[in-house]
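Residues: numbered from 1 along the sequence shown. As a basis for the values below, the full set of heavy atoms in this structure was taken, side chains included, without hydrogen atoms, waters or symmetry mates.
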Amino acid sequence: MDFVLRLLFSLLLLISLFSGRGSAGGVYNHHHHRRRHLRHRFRPTKLFVFGDSYADTGNILFPISPALQFPYGITFPGKPIGRFSDGRVLTDFAARHVGLKSPIPFSVRNRVGLRRFKETGVNFAFGGTGVFDTEYPLPNMTTQIDFFQQLRHGDSIFTNTDAQSSVALVSASGNDYAFYFAMNSSRQGLKPFIMSVVSQIIVNLKRIGGLGVKKIAVTGLGPLGCLPVFTAPSSYKQCNETINSLVQFHNLLLKEAVKKLNQETKHSSKVFVVDVYGAFMSIIEGRKRYNNGEFKTPLKPCCYGVGSGFSCGSVDGEGKKMFVLCEDQKAAFFWDSVHPTQQGWAAAISAFKSFRNHF
């Protein structure tokens with residue numbers, strides 16, 4: 001079991017959504033009372049993203065990153081540029097849903113110039129990172145928020161008005177737990193560690209709100225026991241329920257903590273939890289159809305290594321590809337051992353009830 005859990009949460013990430021409602025005012029006349037109760041949907045002008053590989057759109061610039069290897073990016077934009085999928089990921093669909101362009105990755109700031117961030121917001125997410133430090137020497141979520149704080153107050157790129165008219169997407173996946181087991185930590189200490197992860201997420205949400213962002217969407221964990229890396233032993237037919245029970249404990253704590261946070265900050269930021277678990281399971285179990293169709297083998301990845309030691313995008317010493325790629329990416333929910341396809345993300349976004357309820 002320890003071996004399975006060590007494999008777990010390698011480069012996860014997850015999803016999005018947002019919300020906002022308000023009352024529309026009017027001149028003082030016989031329509032005033034009715035107008036006061038009309039609701040309008042909040043339309044942000046910028047999106048700020050924090051998290052991991054479910055949200056990263058190109059922050060890792062190291063050539064050895066799998067997201068910079070063929071066949072990643074084969075569907076969109078046609079070549080690998082840093083997304084951990086065949087095409088668009090959570091951030092792209094979240095931005096589209098609220099009427100924005102996908103925010104520019106923070107790592108390319110020197111290439112595009114800081115002022116370009118004013119147009120779309122910024123994506124601070126780095127694949128493989130967690131709430132705390134992981135095995136990857138990349139900015140954890142605290143550092144990502146530090147970057148945002150520098151742009152807000154140090155470089156003065158974003159004004160108070162910019163922040164207040166923006167939304168934030170926080171993708172907090174399982175990378176912290178992967179690192180926990182990789183360090184041979186005890187199972188007995190797992191629940192306290194889960195509590196510390198959730199507590200740090202809340203600290204991070206408060207910081208983002210304190211920097212002026214009024215709407216914040218934070219993802220719960222998806223059904224990690226259903227990731228292909230864990231369903232492979234059953235020929236991609238059965239999820240690992242032990243892992244999923246740990247996921248549900250995390251999600252329960254997060255939901256309760258966010259509820260408490262919203263009660264404490266009634267007049268400042270509003271936080272919404274994205275039910276990634278429910279959305280993914282509705283697709284995996286065939287309860288949610290996408291474009292009148294379904295993923296016939298939802299637990300089987302489109303791209304996978306030919307054997308032990310190889311994964312999607314792997315090549316041998318002679319440059320020969322050591323992976324299998326499915327013929328139709330649109331027919332697969334999962335792209336590789338842990339990440340959805342572009343089509344999978346599209347289906348998940350449509351299954352997020354929060355999007356329908358708040359935007």
Side-chain angles (χ1 to χ4, degrees), residues 5-17 48-56 59-60 84 89-91 94 106 122-150 168-183 185-186 189-211 213 216-224 227 243 246-262 265 269 271-277 338-339:
L5 287 172
R6 285 193 194 98
L7 287 174
L8 180 56
F9 327 104
S10 54
L11 292 165
L12 301 182
L13 11 218
L14 304 180
I15 318 156
S16 73
L17 72 110
F48 297 105
V49 181
F50 308 86
D52 46 40
S53 59
Y54 273 18
D56 188 353
N59 268 316
I60 301 179
F84 289 80
V89 297
L90 171 61
T91 296
F106 178 74
V122 188
N123 187 342
F124 299 99
F126 283 79
T129 65
V131 173
F132 302 119
D133 287 338
T134 66
E135 61 184 300
Y136 302 101
L138 296 167
N140 65 21
M141 194 173 293
T142 295
T143 303
Q144 293 174 24
I145 299 172
D146 289 342
F147 293 155
F148 180 42
Q149 182 172 326
Q150 177 64 28
L169 168 63
V170 178
S171 175
S173 305
N175 290 325
D176 291 287
Y177 303 123
F179 189 59
Y180 177 86
F181 285 105
M183 297 301 291
S185 299
S186 69
L190 180 57
K191 285 194 173 181
F193 181 68
I194 293 175
M195 295 172 68
S196 70
V197 169
V198 172
S199 294
Q200 186 59 42
I201 290 174
I202 297 302
V203 170
N204 293 339
L205 296 175
K206 288 180 178 179
R207 281 193 67 197
I208 295 170
L211 289 169
V213 179
I216 306 172
V218 57
T219 64
L221 291 180
L224 303 180
L227 297 178
I243 295 174
L246 298 176
V247 168
Q248 291 173 325
F249 178 63
H250 169 105
N251 287 343
L252 177 62
L253 291 182
L254 179 63
K255 183 178 180 181
E256 292 176 345
V258 166
K259 180 180 179 181
K260 181 179 179 181
L261 176 62
N262 283 329
T265 57
S269 299
V271 182
F272 303 90
V273 177
V274 183
D275 183 14
V276 180
Y277 189 99
V338 291
H339 305 101

d(Ile202 CD1, Leu253 CG) to nearest 0.5 Å is 10.0 Å
Would you say the side-chain atoms of Asp56 pair up with the backbone N or O of Phe84, donor to acceptor, closer than 3.5 Å?
no
Measure from the side-chain N and O atoms of Ser269 to the backbone N and O of Val213, and report whether any donor-acceptor pair falls under 3.5 Å.
yes
Would you check if the side chain of Asn251 reaches a backbone N or O of Gly220 as a donor-acceptor pair within less than 3.5 Å?
no
For a quick check under 3.5 Å, do Asn175 and Thr134 share a side-chain donor-acceptor pair by atom type?
no
Ring pair (Phe, Tyr, Trp, His ring centres under 6.0 Å) filter on Phe193, not counting sequence neighbours, yields Tyr177, Tyr180
May I have all residue pairs that pass salt bridge (charged side-chain N to carboxylate O under 4.0 Å, His left out) and include part of residues 140-150, sequence neighbours excluded?
Asp146-Arg207
Quick check: closest heavy atoms across Leu138 and Gly127, and the distance to 0.1 Å?
CD1-O, 3.4 Å
From the list Phe147, Phe126, Phe124, ring pair (Phe, Tyr, Trp, His ring centres under 6.0 Å) partner of Phe50 resolves to Phe124
I need the Ile145 CD1 to Leu211 CG distance, nearest 0.5 Å.
8.0 Å
Under the side-chain hydrogen bond (donor to acceptor under 3.5 Å, both in side chains) test, which residues partner Thr143, sequence neighbours left out?
Asn140
Heavy-atom side-chain proximity of Asp275 to Lys255 below 4.5 angstrom
no
Is there a side-chain contact (heavy atoms from CB on, under 4.5 Å) between Val198 and Glu256? Walk through the geometry before answering.
CA-CA 10 Å; Val198 172; Glu256 292 176 345; over 6 Å; no
When you measure from the side chain of Gln144 to the backbone of Gly51, do you find a donor-acceptor pair of N or O atoms at a distance under 3.5 Å?
yes
Would you check if Asn262 and Phe272 make a side-chain contact, meaning some heavy-atom pair closer than 4.5 Å?
no
Taking all non-hydrogen atoms of both residues into account, name the closest pair between Ile201 and Ala172 and its distance.
CD1-CB, 3.7 Å
When every non-hydrogen atom of Thr129 is compared with those of Pro139, the smallest separation belongs to CG2-O, 3.3 Å
Contacts of Tyr277 that satisfy ring pair (Phe, Tyr, Trp, His ring centres under 6.0 Å) - sequence neighbours left out:
none
Just how far is it from atom NZ of Lys206 to atom CD1 of Ile216, taken to the nearest 0.5 Å?
12.0 Å
May I have all residue pairs that pass side-chain hydrogen bond (donor to acceptor under 3.5 Å, both in side chains) and include part of residues 193-203, sequence neighbours excluded?
Gln200-Asn204
At their closest point, which heavy atom of Ile208 faces which heavy atom of Ala168, and how far apart are they?
CG2-CB, 3.9 Å
Any side-chain heavy-atom pair of Asp52 and Tyr136 under 4.5 Å:
no
